[in-house]
Amino acid sequence: MRRAIGLMSGTSLDGVDVALIETDGETIRVERSANGYLEPLGPTGYRAYSDDDRALLRQALIDSEAVTERSERPGCLAQAEELVTRLHAEAVENFLSENGLTATDIDVIGFHGQTVVHRPDQKMSVQIGDGRALSRRLGIKVVSDLRHADIEAGGQGAPLVPVFHRALAQASGFTDSLGILNIGGVANATLIARDGRILAFDTGPGNALIDDWMRERTGHALDDNGRTAARGRPDEPLLAWLLIHPFFSRKPPKSLDRNWFSHKLAGQLSTEDGAATLTAFTARAVARALDHAVEAPTRWIVAGGGARNGELLRQLNYHLRAEITTADAIGWSSAFLEAQAFAYLAVRSVEGLPITFPSTTGVSQAISGGVLAKPEE
């Protein structure tokens, strides 16, 4: 078993999630509570971005539209990359200090970085963040750039988390068909059949459009518990038009760039109706995932920021017609599941184990990935 730290900064641009797990790249060290559910896999931490940090990262997303080669850093991208690296380093340093750990206690760090470009059709996905600089500063091995090998081999480069989802499901003792839904800026689903086969893909927008809408209309970063959406009424003609986008009928595996849809599509609506429409868009896009399922899940486990949106959960319950629970309710972590996954993926990378598969990214064969940086390099 290796002790690994995973780092995640998602498309919601809220901050850096930090999580520690112990794994050999196949199984995960777990403890069970009296009710049989998992205890937390390990300590977690969080480093919030400031308003200035988020402003720079949002500008980086705009400037990244000019990127034509992975190494290019037009506009503010170089500055943003230095910021991402520094804030992730600070997040780890604070985490180690708070938990009485030192660099020698950690075998490897999985560093996702901040996605600014995801164009698999052009064989390009860019996560800014310097893995070598992070490794040198922290004195710990770092695995980064986890999507590139898959994209070079013809895959979508996303989602990466499904192999971790399956390991968690096995550790939890689930044997029936299961859906695991992670709702970050973009929503992705992992469908696990009774025989262990996995199918995974992005279902559509997650929180990104809702968050962008609330920020523009109210100045708030999100729709707290979906209260604004709950006061509104979805625009049904707009929803019907949105859901005929070719992305939803395309067979998986498939992945979605955060910027493929815009909250401005609801610009003619009131604040409440716009929030209701964008929330319904996320939920109904997830329901469309069932069009591609071999077995409809009998249970869904919801993680990510969307698990804290009561109105979104209510709509998912209505459209999915299955048992829905949050990751926290069964001993998983809604907030830190992806960070834990990148710790797991880092160990798999070091061990040379595959991290992406034909049924998760569309790559022709299961392959490993990631770039290993050592402190002395």
Side-chain angles (χ1 to χ4, degrees), residues 2-11 13 15-21 23 25 45 47 49 53 56-57 60 64 67 69-73 76-96 101-118 123-153 157-161 164 338-356 367-377:
R2 298 177 187 263
R3 300 180 94 185
I5 285 176
L7 303 173
M8 183 62 193
S9 176
T11 52
L13 305 179
V16 181
D17 295 329
V18 187
L20 173 67
I21 70 169
T23 178
R47 202 280 189 199
Y49 289 149
D53 297 336
L56 178 58
L57 293 175
S64 69
V67 171
E69 298 288 341
R70 294 185 73 245
S71 59
E72 291 177 348
R73 296 295 184 266
C76 72
L77 279 179
Q79 181 185 358
E81 184 158 51
E82 185 280 330
L83 175 75
V84 167
T85 306
R86 175 170 55 83
L87 296 184
H88 279 70
E90 291 175 2
V92 174
E93 289 166 347
N94 292 339
F95 175 82
L96 293 175
L101 299 168
T102 67
T104 58
D105 295 316
I106 308 301
D107 293 299
V108 67
I109 291 173
F111 177 33
H112 176 266
Q114 185 69 55
T115 297
V116 293
V117 173
H118 187 67
K123 288 199 168 185
M124 184 161 60
S125 186
V126 178
Q127 288 74 45
I128 56 174
D130 188 333
R132 295 193 183 281
L134 186 66
S135 178
R136 286 194 295 268
R137 173 163 170 171
L138 295 174
I140 304 170
K141 294 176 182 177
V142 171
V143 174
S144 61
D145 206 6
L146 284 148
R147 301 186 190 273
H148 181 59
D150 181 83
I151 285 183
E152 280 293 297
L160 294 180
V161 178
F164 177 67
E338 285 196 294
Q340 292 169 342
F342 282 98
Y344 181 75
L345 292 171
V347 175
R348 286 185 72 87
S349 177
V350 169
E351 295 290 344
L353 296 168
I355 63 173
T356 57
I367 62 171
S368 191
V371 176
L372 177 64
K374 300 178 181 179
E376 61 272 15
E377 295 178 343

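- Rounded to the nearest 0.5 Å, atoms NE2 (His112) and CD (Gln127) are 4.5 Å apart.
- Judged by distance alone, with hydrogens and angles left aside, the side-chain atoms of Ser9 form no donor-acceptor pair with the main-chain N or O of Gln114 at under 3.5 Å.
- A pairwise comparison of heavy atoms in Ala343 and Ile21 identifies CB-CG1, 3.8 Å as the closest pair.
- Contact check for Ser125 versus His148: no side-chain heavy atoms found under the 4.5 Å cut-off.
- Here Leu134 contributes atom CG and Leu87 contributes atom CG; the two are 11.0 Å apart, rounded to the nearest 0.5 Å.
- Ser368 approaches Ala149 most closely through the heavy-atom pair O-CB, 3.9 Å.
- Here Asp53 contributes atom CG and Leu83 contributes atom CG; the two are 5.0 Å apart, rounded to the nearest 0.5 Å.
- The heavy-atom pair separating Ala60 from Ala80 by the smallest distance is CB-CB, 3.8 Å.
- Although no hydrogens or angles enter the test, the distance criterion places a donor-acceptor pair under 3.5 Å between the side chain of Thr23 and the main chain of Gly25.
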(request) Decide yes or no on side-chain contact (heavy atoms from CB on, under 4.5 Å) for Asn94 and Val18, but give the supporting numbers first. (result) CA-CA 10 Å; Asn94 292 339; Val18 187; over 6 Å; no

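- At most 12 non-hydrogen atoms from other residues, nucleotides or ligands lie less than 6.0 angstrom from NZ of Lys374.
- Judged purely by atom type and a 3.5 angstrom limit, Thr356 has no side-chain atom pairing as donor or acceptor with the backbone of Asp150.
- Taking every heavy atom of both residues into account, Glu69 and Met124 meet most closely at C-SD, 3.8 Å.
- When all heavy atoms are compared, the tightest approach of Gly131 to Ala373 is O-CB, 3.9 Å.
- Minimum heavy-atom separation, Pro375 to Gly139: CG-C, 3.4 Å.
- Between Leu345 and Val143 the shortest side-chain heavy-atom distance does not fall below 4.5 Å.
- Between Phe111 and Leu146 the shortest side-chain heavy-atom distance does not fall below 4.5 Å.
- A donor-acceptor pair shorter than 3.5 Å cannot be found between the side chains of Arg47 and His88.
- Within the 4.5 Å cutoff, no side-chain heavy atoms of Ser349 are placed close to those of Leu372.
- Side-chain atoms of Glu338 and Leu160, non-hydrogen and from C-beta on, never get closer than 4.5 Å to each other.
- Note: Ile355 CD1 to Ile367 CD1 = 7.5 Å, rounded to the nearest 0.5 Å.
- Contact of the Lys123 side chain with the Arg70 side chain is not registered, since no non-hydrogen atoms from C-beta on lie closer than 4.5 Å.
- The structure places CD of Glu377 at 9.5 Å from NZ of Lys141, a figure rounded to the nearest 0.5 Å.
- Judged by distance alone, with hydrogens and angles left aside, the side-chain atoms of Asp107 form no donor-acceptor pair with the main-chain N or O of Ala4 at under 3.5 Å.
- In this structure, CG on Leu96 lies 5.5 Å from CD1 on Ile140, to the nearest 0.5 angstrom.
- With respect to Val126, the side chain to side chain contact (heavy atoms under 4.5 Å, CB included) criterion is satisfied by exactly one of Arg73, Glu72, His118: Arg73.
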